[in-house]
Amino acid sequence: MDITEQDALIVVDVQNDFCPGGALAVLGGDMVVPAINRVIPKFEHLFYSRDWHPGDHCSFSFAPEYVDGSWPEHCVENTPGAEFHGGLMVPLDATIIDKGTDRDAECYSAFGNPRLEAALRDKGITRVFVAGLATDYCVKATALDALHAGFETILIEDGCRGVNDQTVAEALVEMEAAGIPRVRSAAIAE
Ligand code: VGL
Ligand code: ZN
């Protein structure tokens, strides 16, 4: 697959708290790392979002239900859980996009931070590839927002993992129906 200077990679929330051992671990969350690292050298434009919450963020709950948008405390700004997975390649010229920084608002999409869309437009990007965690929450929200903002949007299927099998399956159907195809990392890297 041909990747050009009009393409960007958006890596969503590949942070310790979403990986095994983390506060809100996604099953196999760390498995996205080799898939993402494989495609990084192909892209000139790299964006990495971070879930970056204040300690009293409104999504935190002591009795999380995982179905109504309440979660155990996770990705608190400047804590080890909020750091990128240690194996993830993060080139020095990559742009980091923090989101969920407002205590009173949930923010699944990386486009919740207006810097992302502004930077994509500024660089003349027309197509984005999306990967990361979690497929059924922040990856889905980011990919759908990218599409609605007018970018051709492609999901890197082995570069994503989700919270719940059922909602992952639904998310994949929803994204596909919206017009977001899936590609495997090997097809990009080759
Ligand atoms: C996420 C739940 C809560 C995600 C972030 O990155 O998918 N999920 N905060
Ligand atoms: Zn969060």
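Order of appearance sets the numbers: ligands from 1, and atoms from 1 within every ligand.
- Looking at E106, H74, R103 one by one, the single match for side chain to side chain donor-acceptor pair (under 3.5 Å) with H53 turns out to be H74.
- Near C138, the atoms of ligand 1 lying under 4.0 angstrom from a non-hydrogen atom of the residue are 1 (C), 4 (C), 5 (C), 6 (O), 7 (O).
- Environment of CG in D165: sparse, with no more than 12 heavy atoms of neighbouring residues, nucleotides or ligands closer than 6.0 Å.
- Scanning all protein heavy atoms for the shortest distance to atom 5 (C) of ligand 1 gives D51 OD2, 3.0 Å.
- Against a heavy-atom cut-off of under 4.0 Å, D13 is close to the following atoms of ligand 1: 4 (C), 6 (O).
- The shortest N or O to N or O distance between F18 and ligand 1 is not below 3.5 Å.
- For H53, the N, O or S atom with the smallest separation from the Zn ion (ligand 2) is NE2.
- Closest protein heavy atom to atom 8 (N) of ligand 1: Y137 CB, 3.9 Å.
- The pair K99-D13 meets the salt-bridge criterion, since a charged nitrogen lies less than 4.0 angstrom from a carboxylate oxygen.
- Looking at V12 against ligand 1, nothing comes within 4.0 Å, counting heavy atoms.
- Looking at D51 and the Zn ion (ligand 2) together, the shortest N, O or S contact belongs to OD2.
- The single protein non-hydrogen atom nearest to atom 2 (C) of ligand 1 is W71 CE2, 3.4 Å, given as residue, atom name and distance.
- Judged by the shortest distance from any of its heavy atoms, H74 lies inside the 4.0 Å radius around the atoms of ligand 1.
- For the pair N37 (side chain) and G87 (backbone), a donor-acceptor distance under 3.5 Å is present.
- Counting backbone and side-chain atoms alike, H57 contributes no N/O/S atom closer than 2.8 Å to the Zn ion (ligand 2).
- The only option from R182, M31, R184 that meets the side-chain contact (heavy atoms from CB on, under 4.5 Å) definition with D158 turns out to be R184.
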Mind running side-chain contact (heavy atoms from CB on, under 4.5 Å) on L46 and V11 for me, showing each step along the way?
CA-CA 8 Å; L46 298 163; V11 178; 5.8 Å; no

Should V128 and F47 be marked as a side-chain contact (heavy atoms from CB on, under 4.5 Å) after you check the CA-CA gap, both sets of side-chain angles, and the distance that decides it?
CA-CA 10 Å; V128 301; F47 295 86; over 6 Å; no

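- Remark: the backbone N or O of E5 is paired with a side-chain donor or acceptor of H45 at under 3.5 angstrom.
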